[in-house]
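The first residue in the sequence is number 1, and the count goes up from there. Note that this is a predicted model, so its numbers are computed, not measured.
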Amino acid sequence: MHSDQMITRTISREQQILDALRGQEIVQVADLATILDVSEATIRRDLTAMEDRGLLSRVHGGATLAGIARREPLFHDKEERNTAAKQAIAHAALSLIDDGDTIYLDGGSTILQLARLLDRRHNLVIVTNSLMAASSLLDTEHRLILVGGEFRKLSRTLVGPLTAQLINAVHVDKAFMGTIGFTLAEGMTTTDPNEAHTKSLIMSRAGQVLLLADSSKLGTSSFARSGTINDISTLITDNASPDFIAGIEQLGIRLMLAGAPPSNPSTSETKD
């Protein structure tokens, strides 16, 4: 079996394991082996690897998600973490924005860094649910469109089912997304289901989805899935392990390391 096929099967098993654990206090190894139709030895290896990456906790005879979900810090606290990395990621993301693009800005401190750079481009249409990003663009000459919805104080975003009316009426060339956690098995995760709902909506309306995530987000998982690995066109980060890079590239996702050239510079992305 080719290595990329093996990685894909492992990711699929890990996703099924996480799905089985949701809503259950503990799931036994034997039950997971039956659900996935593999040996118990395979399940044990998967659980060990997933525990090493912080996706679950091993318990006697099985595994649990108890205590795994990451708590989301206050927005001000997020702004003060990994600032240099976030600024480098934002500059890399800016290089992918052309004059005249229609873009979406998600919530998050890395996306806010990108918003502060957009005066270097011309004639953009900017759709956002982030009040922080919007406030940094109040004097912009770009066209600014705010997504309505329920105000979420912790992330300072507008989220939930009420965002659907506007999002379903637009299409954006490029959606720049933030995240609380990102793994090859789980995709993008966040702490709030309403925020996850809005993220999923906009990604379905985007020509390209570009995930901006500093290296502290990689290999970690939170409570609510906000997008699968298949939703992502490009990952922009500051650093990643060789195994993670290999997994991303074998899945066909463009990888940009901030301050470095794209991993596949010969491939040009076209706008819809």
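Listed by chain and number, the residues in a side chain to side chain donor-acceptor pair (under 3.5 Å) with Thr157 are Ser155, Glu195 (sequence neighbours excluded). Every residue meeting the side chain to side chain donor-acceptor pair (under 3.5 Å) condition with Arg58, not counting sequence neighbours, appears here in chain and number order: Thr48. Residues that satisfy the side chain to side chain contact (heavy atoms under 4.5 Å, CB included) test with Ala92, not counting sequence neighbours, are Ile236, Met256. For the side chain to side chain contact (heavy atoms under 4.5 Å, CB included) test, residues two or more places apart in sequence or in another chain that qualify with His122 are Asp99. Residues that satisfy the side chain to side chain donor-acceptor pair (under 3.5 Å) test with Thr179, not counting sequence neighbours, are absent from this structure. Residues satisfying the side chain to side chain contact (heavy atoms under 4.5 Å, CB included) test with Ser136, not counting sequence neighbours, are Leu112, Ala115, Arg116. Listed by chain and number, the residues in a side chain to side chain contact (heavy atoms under 4.5 Å, CB included) with Ala63 are Leu21, Leu47, Leu56 (sequence neighbours excluded). With sequence neighbours left out, the side chain to side chain donor-acceptor pair (under 3.5 Å) criterion links Ser215 to Asp238.
Taking CG from Leu212 and CD1 from Ile111, the interatomic distance works out to 4.5 Å, rounded to the nearest 0.5 Å.
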Between side-chain atoms of residues 31-40 and protein atoms elsewhere (two or more places apart, or another chain), which donor-acceptor pairs fall under 3.5 Å?
unit_1, atom_1, unit_2, atom_2, d
Thr34, OG1, Ala30, O, 3.1
Ser39, OG, Thr42, N, 3.1
Ser39, OG, Thr42, OG1, 3.0
Glu40, OE1, Arg44, NH2, 3.2

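A chain of hydrophobic side-chain contacts below 4.5 Å, direct or via other Ile, Leu, Val, Met, Phe, Trp or Tyr residues, connects Ile232 to Val172.
Closest heavy-atom contact between Phe151 and Arg156: CE1-CA, 3.7 Å. Residues Ala134 and Thr128 come closest through the heavy atom pair CB-CG2, 4.2 Å.
The pair Arg225-Asp231 does not meet the salt-bridge criterion, since no charged nitrogen lies less than 4.0 angstrom from a carboxylate oxygen. Using a 4.0 Å cut-off between charged side-chain N and carboxylate O, Lys174 and Asp101 make a salt bridge.
Applying the salt bridge (Lys or Arg N to Asp or Glu O under 4.0 Å) test to residues at least two apart or on different chains, the pairs with a partner in residues 198-210 are Asp106-Lys199.
Counting heavy atoms from C-beta on, the side chains of Val127 and Leu166 come closer than 4.5 Å. Contact annotation: the side chain of Tyr104 never approaches that of Met203 to less than 4.5 Å [non-hydrogen atoms, C-beta and beyond].
In this structure, Val59 shares a hydrophobic cluster with Ile26, the cluster being traced through Ile, Leu, Val, Met, Phe, Trp and Tyr side chains under 4.5 angstrom apart.
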Could you go step by step and tell me if Asp214 and Ser216 meet the side-chain hydrogen bond (donor to acceptor under 3.5 Å, both in side chains) rule?
-> CA-CA 6 Å; Asp214 69 77; Ser216 70; 2.4 Å; yes
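No hydrogens or angles considered: a donor-acceptor pair under 3.5 Å links the side chains of Thr198 and Thr163.
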